[in-house]
Amino acid sequence: MPQLDVTTWTPQLVWLAIAFISLFLIMRYVALPRVGGVIESRKKRISDDLETAQRFKLETEKAIADYEAALAQARARGNAIAREARGKLNAETEQERAKVEAELNRKIADAEAAVALQKKKAMAEIEKMAHGLAAEIVAELAGIKPSRTTSKTALAGKPEEE
């Protein structure tokens with residue numbers, strides 16, 4: 001084995017030193033700066049992405065707050081419109097109800113007047129029939145024909161003045 005041969009150690013040590021130093025220098029000045037640059041660029045990119053994400057998060061929260069405020073305002077406006085419409089509708093309904101009620105009251109008064117007139121006519125007819133019937137009964141029972149004023153007085157329950 002050549003590694004164990006003492007006579008070849010010096011050239012092996014020289015070549016070892018040359019290889020080690022050249023690899024060290026290549027790593028120190030070529031490979032490590034590139035790797036370090038890549039690592040730094042990744043760190044910068046990650047921090048930029050985090051800042052962008054934080055900014056988007058704040059913008060999203062602001063947009064959500066604005067949306068909720070607009071939604072609350074729209075609901076309030078909708079409720080106000082509904083209240084106004086309900087009030088207007090109630091006023092119109094109340095006005096229409098008052099008209100209908102007045103019309104019904106007028107019709108009721110007309111009907112009551114018509115009923116009173118019909119009652120008066122019916123009572124007059126009943127009174128005529130009662131006078132005629134009373135006169136016939138008296139004529140049949142007593143054999144005399146009473147005068148109209150006598151039968152009226154008798155039916156009214158007042159004694160006849162002579």
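Atom set for the values below is all heavy atoms of this structure, side chains included, hydrogens, waters and symmetry mates excluded.
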- Under the side chain to side chain contact (heavy atoms under 4.5 Å, CB included) rule, collect the residues that match up with Q95, sequence neighbours excluded. none
- Message: Taking side chain to side chain contact (heavy atoms under 4.5 Å, CB included) as the definition, give me every residue that meets it alongside K57, ordered by chain and number, with sequence neighbours left out.
- Response: Q54, E61
- Task: For residues 67-93, pull every pair meeting side chain to side chain donor-acceptor pair (under 3.5 Å), keeping only residues two or more places apart or in separate chains.
- Result: none
- Query: If you look only at pairs with a residue in residues 31-46, which of them pass as a side chain to side chain donor-acceptor pair (under 3.5 Å), with sequence neighbours excluded?
  - Reply: K44-D48
Not counting sequence neighbours, which residues clear side chain to side chain donor-acceptor pair (under 3.5 Å) with [X]? List them please.
| X | result |
| --- | --- |
| E94 | R97 |
| K119 | none |
| T52 | none |

How does the hydrophobic cluster around [X] look, that is, which other residues are in it when side-chain heavy atoms under 4.5 Å mark a link?
| X | result |
| --- | --- |
| V35 | I39 |
| I46 | L50 |
| M129 | none |

List, one per line, each side-chain donor-acceptor pair under 3.5 Å for residues 20-33, sequence neighbours excluded.
| unit_1 | atom_1 | unit_2 | atom_2 | d |
| --- | --- | --- | --- | --- |
| S22 | OG | I18 | O | 3.0 |
| S22 | OG | A19 | O | 3.0 |

- Any chance you could measure W15, atom CH2, to T10, atom OG1, to the nearest 0.5 Å? 14.0 Å
Could you list the donor-acceptor pairs under 3.5 angstrom formed between side-chain atoms of residues 102-110 and any protein atom two or more places apart in sequence or on another chain?
| unit_1 | atom_1 | unit_2 | atom_2 | d |
| --- | --- | --- | --- | --- |
| E103 | OE1 | R106 | NH2 | 3.4 |
| E103 | OE2 | R106 | NH2 | 2.3 |
| N105 | ND2 | E101 | O | 3.3 |
| R106 | NH1 | D110 | OD2 | 3.0 |

